[in-house]
Amino acid sequence: MDKGVLATALGSPAPFGQSQFAFMRGNAFEAKVKADGGAELLRLLYERLGGSSAAPGPDVATPDLSAAGPEGRAARTALALREATAAGGWALLDHPMLALEVAGSPAYLEPDAVVVHPDGRWTVVEIKSFPMIDASAAAAKVGAAARQAAVYVLALERVAAVTEGAEVGHQVLLVCPKDFSNLPTASVVDVRKQRAVTRRQLTRLMRVEDIAAGLPEGTTFDPACAPEELDAAVAAVPPAYAPECLAACELAFHCRARSRAEGAVEALGRSVRGELGGLTTVAGVLAAAAGKEGDPADPTVAALRRAAALRAEALESAAGLRAEAPEAASVAGGGTPEGAAACR
């Protein structure tokens, strides 16, 4: 079931998406990086991650990865990786297809490129159209690229585990435009932390079969259903909404509206949710801060009450300063309206 269709049927379509201009610009930059058999991409990779191997030459292998369907392409990619590793030379796989099990179901992933080194190391290459200015890019965008690449690393590790002599590098190559030009530059990003976090998250996901088993009998997500029936069906699957969902999930606006209606603290962000411990609603947080609810011995409740006291003190001081301001102006102007006007 397509989430975008479901969101539209629920009356909460996602009014976002990459602009056509940005999409075309990204494709044009990627084509530039991969031109001439990926010569520029391989040059950047060798400068940053070449190691002791000889520099890639014109004989770099670029295997054909075409096959029927994602499953066929994933199998063809795995075969190409094994063949390139056994050959002991440089190889560039353009848009390989990788498979990763997510909650018991296969998910197919397509990185921009994977390079096989002569020593059997596999390196993920991510090509982005945001710029690197003075050799650094926006931290938020680099972080998102690192999380994306970490998923590719996990998928590659499944293939490497059954490939003799293969090793997946935990340093990925991030290629971006240099400064304000269209010339490519690159930096190395270590994704070991993101890989570990993603692996933990994947192990905690519920299997689709388990979620389906817990749904009421007759539940359907058919967008042709009445809005009330469809809304009840979606509500039967507890959402895990966070503001970050707005950039990636078509159902995010529907989940946000429900989260706000319930007063859930998740709507304020995962970091805020983590700081609030057992307090799960905004109303509960405000009541704890006001001293109406909560255990005073709870560190979270104590911190909230201390913050509320500091806020009240600051507001009282500000009110006092505002009250003193007219009196001070009157004294400065000689206590008469004419004096005050002259002062102004």
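Arg199 meets the side-chain hydrogen bond (donor to acceptor under 3.5 Å, both in side chains) test with Glu157; sequence neighbours excluded. With sequence neighbours excluded, no residue forms a ring pair (Phe, Tyr, Trp, His ring centres under 6.0 Å) with Trp122.
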Practice item. Show your working on side-chain contact (heavy atoms from CB on, under 4.5 Å) between Met132 and Leu174 and close with a plain yes or no. Key: CA-CA 10 Å; Met132 283 189 188; Leu174 178 62; 4.0 Å; yes
Review point. Going through the checks in order, is the side-chain contact (heavy atoms from CB on, under 4.5 Å) test met by Asp112 and Glu30?
Key: CA-CA 8 Å; Asp112 293 324; Glu30 182 176 338; 3.8 Å; yes
Review point. How far apart are the C-alpha atoms of Arg121 and Leu49, what are their side-chain angles, what is the distance that settles it, and do they pass the side-chain contact (heavy atoms from CB on, under 4.5 Å) test?
Key: CA-CA 10 Å; Arg121 186 160 34 108; Leu49 293 168; 4.2 Å; yes
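For residues 49-66, the side-chain hydrogen bond (donor to acceptor under 3.5 Å, both in side chains) pairs, not counting sequence neighbours, are Asp64-Ser66. Residues in residues 179-188 take part in no side-chain hydrogen bond (donor to acceptor under 3.5 Å, both in side chains) pair, two or more places apart or across chains. The salt bridge (Lys or Arg N to Asp or Glu O under 4.0 Å) contacts involving residues 300-312 comprise nothing, where partners must be two or more places apart or lie in separate chains.
How far CZ of Arg158 is from CG of Leu100: 6.5 Å, rounded to the nearest 0.5 Å. The CZ atom of Arg147 sits 7.5 Å away from the CD atom of Gln194 when rounded to the nearest 0.5 Å. Atoms OH and CZ, on Tyr241 and Arg256 in that order, are 5.0 Å from each other to the nearest 0.5 Å.
Applying the side chain to side chain contact (heavy atoms under 4.5 Å, CB included) test between Val125 and each of Leu44, Val114, Leu45, Leu42 identifies Leu45 as the sole match.
When all heavy atoms are compared, the tightest approach of Pro296 to Ala302 is O-CB, 3.9 Å. Nearest heavy atoms, Cys245 versus Ala252: O-CB, 3.4 Å. Shortest non-hydrogen contact noted between Lys32 and Pro184 is CE-CD, 4.2 Å.
A heavy-atom distance below 4.5 Å is not found between the side chains of Thr281 and Glu262. Looking at heavy atoms from C-beta onward, Leu154 lies in side-chain contact with Arg195 at the 4.5 angstrom threshold. Residues Val285 and Thr280 have side chains not in contact (no heavy-atom distance under 4.5 Å, counting atoms from C-beta outward).
Side-chain polar atoms of Glu167 and His117 form no donor-acceptor pair below 3.5 angstrom.
More than 12 non-hydrogen atoms from other residues, nucleotides or ligands lie less than 6.0 angstrom from CD of Glu47.
Residues Glu71 and Arg73 are not paired through a salt bridge, judged by the lack of any N-O separation under 4.0 Å between the basic side chain and the carboxylate.
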Between side-chain atoms of residues 224-234 and protein atoms elsewhere (two or more places apart, or another chain), which donor-acceptor pairs fall under 3.5 Å?
unit_1, atom_1, unit_2, atom_2, d
Asp231, OD1, Arg258, NH2, 3.0
Asp231, OD2, Arg258, NH2, 3.0

